[in-house]
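Before any comments, here is the structure.
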Amino acid sequence: MLIRPRPAADAVGFPDSLHPVLRRLYAARGVEAAQLSLELKHLLPPAGLRGIEPAAALLADAIEAGEGIVIAGDYDADGATGTALGVLGLRALGAAEVHYVVPDRFRMGYGLSPELAELAAATGAGVLVTVDNGIASLAGVRHAQELGLSVVVTDHHLPGPELPGADAIVNPNQPGCGFASKALAGVGVMFYLLLALRAELRRRGAFEGQPEPNLSEWLDLVALGTVADLARLDYNNRILVENGLRRIRAGRARPGLLALLKLAGREPSRVGSVDLGFALGPRINAAGRLDDIRTGIDCLLADSEEAAQGLAAQLDRFNRERRELQAQMSEEALLLSEDSEAVGVVVFEEDWHEGIVGLVASKLKERLHRPSIAFARAQEPGLLKGSARSIDGLHVRDALAAIDARQPGLIGRFGGHAMAAGLSLPEAHLAAFGQAFDAICREWLSQAQLQRVLETDGELLAEELQLATALQLEHAGPWGQGFPEPMFEGRFEVLDARLIGSDGQHAKYRLRSAAGGAPLTAVDFHGGARLQSPRSRLQAVFTLAVNRWQGAESLDLRIEHLQPL
């Protein structure tokens with residue numbers, strides 16, 4: 001493990017009132033003074049998205065003609081929030097009927113398949129809109145059109161060599177799209193389509209004599225889907241997420257989100273992006289991993305607290321089951337890979353659950369710091385489904401494309417992003433694929449990139465190791481993918497140390513910083529096995545947190561990594 005501070009940058013133009021720690025943090029993350037404001041007026045305009053005008057016109061025509069619209073969603077949190085947003089937004093903008101369909105993860109697989117197109121056509125709708133999928137669904141789009149549906153593809157995934165023949169495509173990553181933010185999640189693309197549709201309907205006089213729908217009412221959904229999908233929090237996405245968080249903190253979120261927060265023990269008024277990623281996202285995702293994502297979508301669509309509570313409780317049960325399966329499968333995967341010298345790690349067990357393999361791949365990637373793929377048997381005999389996670393330096397979707405080009409037929413289907421991808425292949429090809437994946441990882445990754453690096457924001461002065469700093473950080477951000485939560489490093493003397501938790505798996509410390517100042521409280525979650533003794537010295541990487549208990553607030557250090565000195 002290599003610990004190093006982020007490269008420092010000049011904090012130019014920031015107001016004097018900005019906390020000095022925040023100045024350093026923002027400057028190191030490339031934030032300019034003009035980007036401190038996260039008001040909605042600073043969002044990029046929809047017109048920059050290629051294909052958005054014809055897509056909006058097609059939907060406006062359908063609304064004027066009283067045609068039904070069906071949304072073809074996806075079975076993860078991004079797809080679920082995007083589907084719910086599409087249903088709510090289109091209804092508010094005047095659509096006579098809005099339906100949604102989502103694929104059965106275990107029978108149909110990802111995306112708009114011909115079978116899903118059949119389900120969409122059965123709703124009687126005239127227009128089909130994909131959310132978070134479709135850019136690779138050539139056969140599905142074609143079949144939907146053969147069934148009489150007009151098709152609008154909204155997606156954010158990287159396209160293949162051929163685009164589907166949809167009536168309109170909105171995707172910031174499609175060829176020829178000059179939209180400045182390529183990091184929009186699927187739910188973000190849907191939000192932009194609704195903005196463009198509202199503008200088109202306004203141009204046609206649809207809102208004369210009545211107030212226009214306020215699309216910002218659903219930014220809580222946009223924030224949740226964006227963070228849960230690990231979309232890079234560039235300036236545009238930070239605006240979307242921050243305004244969604246403001247709605248949640250003000251108690252104006254969807255009833256389903258508030259019900260899930262209550263079950264997760266989170267206080268809405270203090271919700272941050274971390275809560276979206278670790279409390280809400282997994283509960284929505286659990287439905288798609290283990291059962292049916294429609295439970296998650298219906299929870300997000302619920303109009304009352306009463307309607308949301310039962311659905312949220314069901315999602316919470318799915319999530320508990322998911323955690324148990326994930327723990328078991330991850331332990332087995334680590335045992336399978338512990339003696340492996342592979343750079344590209346590939347694991348498979350016959351009884352693994354295909355809805356959990358992505359989480360297993362993530363755990364392997366985190367533990368081994370290697371690109372990792374976990375496979376499970378698909379329902380179709382002789383076929384495996386895999387989920388890949390990568391490290392910086394290896395674009396895993398491009399790596400799969402390179403393998404496919406070098407050895408045609410080895411892989412069945414694949415798609416995804418730089419850091420995550422999905423694929424299928426015949427079980428008979430597993431050994432050959434494992435060799436090919438390891439070979440390309442060795443080819444594309446340097447030894448330096450295989451070294452695990454923990455980047456910090458440097459050391460804090462004694463006067464900065466204070467509750468006031470933690471409170472400032474709590475209201476800053478939003479932090480997330482590509483805009484990492486602040487982590488600091490420091491040297492400490494251990495004044496006191498003890499195990500906490502029902503099984504002693506956590507450690508709690510009283511520390512004295514080498515920088516001086518009063519003793520500090522620190523918690524090392526899941527760090528019981530590395531408990532340090534009193535009077536010892538250690539180097540720690542930590543985040544600052546606010547501990548609230550019986551109305552009082554105090555500073556807590558949350559240890560991410562430690563090593564004895």
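The basis for the numbers below is simple: all heavy atoms, side chains too, and nothing from hydrogens, waters or symmetry mates. None of the values given here were measured: they were computed from a predicted structure.
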Is there side-chain contact between Ile284 and Leu260, with heavy atoms separated by less than 4.5 Å? yes

My understanding is that only one of Leu184, Val131, Leu194 makes a side-chain contact (heavy atoms from CB on, under 4.5 Å) with Val189; could you say which? Leu184

Is there a donor-acceptor contact under 3.5 Å from the side chain of Ser137 to the main chain of Val141? no

For the residue pair Tyr110 and His157, does the interplanar ring angle fall in the parallel (under 30°), tilted (30 to 60°) or perpendicular (over 60°) class? perpendicular

If you draw the axis of the six-membered ring of Phe483, does the NZ or CZ of Arg238 fall within 45° of it and under 6.0 Å from the ring centre? yes

Quick test of your reading of the model: are Glu354 and Arg377 salt-bridged, counting only N-O distances below 4.0 Å? no

Pairwise distance CZ(Phe525) to CD(Glu560) - rounded to 0.5 angstrom: 10.0 Å

Should the heavy atoms of other residues, nucleotides or ligands under 6.0 Å from CG of Asp10 be counted, would the total exceed 12? no

Would the distance check show the side chain of Thr81 and the main-chain N or O of Asp78 forming a donor-acceptor pair, the cut-off being under 3.5 Å? yes

May I ask you to decide whether Glu115 forms a salt bridge with Arg107, counting only side-chain N to carboxylate O separations under 4.0 Å? yes

Shortest non-hydrogen contact between Asp291 and Phe106, atoms and distance: O-CE1, 4.0 Å

Has Asp457 got a side-chain atom pairing as donor or acceptor with Leu25's backbone, closer than 3.5 angstrom? no

Is there a donor-acceptor contact under 3.5 Å from the side chain of Lys385 to the main chain of Ala378? no

Short question: side chain of Thr130, backbone of Thr154 - any donor-acceptor pair under 3.5 Å? yes

Minimum-distance pair of heavy atoms, taken over all atoms of Ile169 and Pro164: CD1-O, 3.6 Å

Indicate yes or no: does Lys363 engage Glu331 in a salt bridge with an N to O separation below 4.0 Å. no

Result of checking Asn243, Asn237, Leu240 against Val222 for side-chain contact (heavy atoms from CB on, under 4.5 Å): Leu240

Applying side-chain hydrogen bond (donor to acceptor under 3.5 Å, both in side chains), name anything that partners Glu321, two or more places apart in sequence or on another chain. none

Quick one: does Arg50's side chain have a donor or acceptor within less than 3.5 Å of a partner on Gln174's backbone? no

Determine whether more than 12 heavy atoms belonging to other residues, nucleotides or ligands lie under 6.0 Å from atom CD of Gln451. yes

Return yes if some donor-acceptor pair links the side-chain N/O of Asn133 with the main-chain N/O of Leu112 below 3.5 Å, else return no. yes

Has Arg294 got more than 12 heavy atoms of other residues, nucleotides or ligands less than 6.0 Å from its CZ? no

Are any of the side-chain heavy atoms of Asp229 and Val227 separated by less than 4.5 Å? no

Side-chain touch Tyr26/Gln35, heavy atoms, less than 4.5 angstrom: no

Criterion side chain to side chain donor-acceptor pair (under 3.5 Å) on Gln563 and His561, from CA distance to verdict: CA-CA 7 Å; Gln563 54 194 40; His561 174 77; 3.2 Å; yes

Under 6.0 Å from the CD atom of Glu32, do we count more than 12 heavy atoms belonging to anything else shown? no

A side-chain contact here means heavy atoms from C-beta on lying under 4.5 Å apart; do Asn319 and Leu290 qualify? no

Main chain of Gln449, side chain of Ser446: is a donor-acceptor contact present, judged purely on distance under 3.5 Å? yes

Nearest heavy-atom neighbours spanning Arg29 and Arg6: NH2-NE, 3.5 Å

Atom CG in Leu394, atom CD1 in Ile391: separation rounded to 0.5 Å? 7.0 Å

Sub-3.5 Å donor-acceptor pair from the side chain of Thr456 to the main-chain atoms of Glu489, do we have one? no

Can you confirm whether Leu454 sits close enough to Met487 that some side-chain heavy atom of one is under 4.5 Å from a side-chain heavy atom of the other? yes

Arg289 side-chain N/O to Gly355 backbone N/O, donor-acceptor pair under 3.5 Å: yes

Are His156 and His417 near enough that their ring centres are under 6.0 Å apart? yes

Tell me whether the count of non-hydrogen atoms from other residues, nucleotides or ligands lying under 6.0 Å of CZ in Arg367 goes above 12. no

If we only count heavy atoms from C-beta on, is the Arg370 to Lys365 side-chain gap below 4.5 Å? no

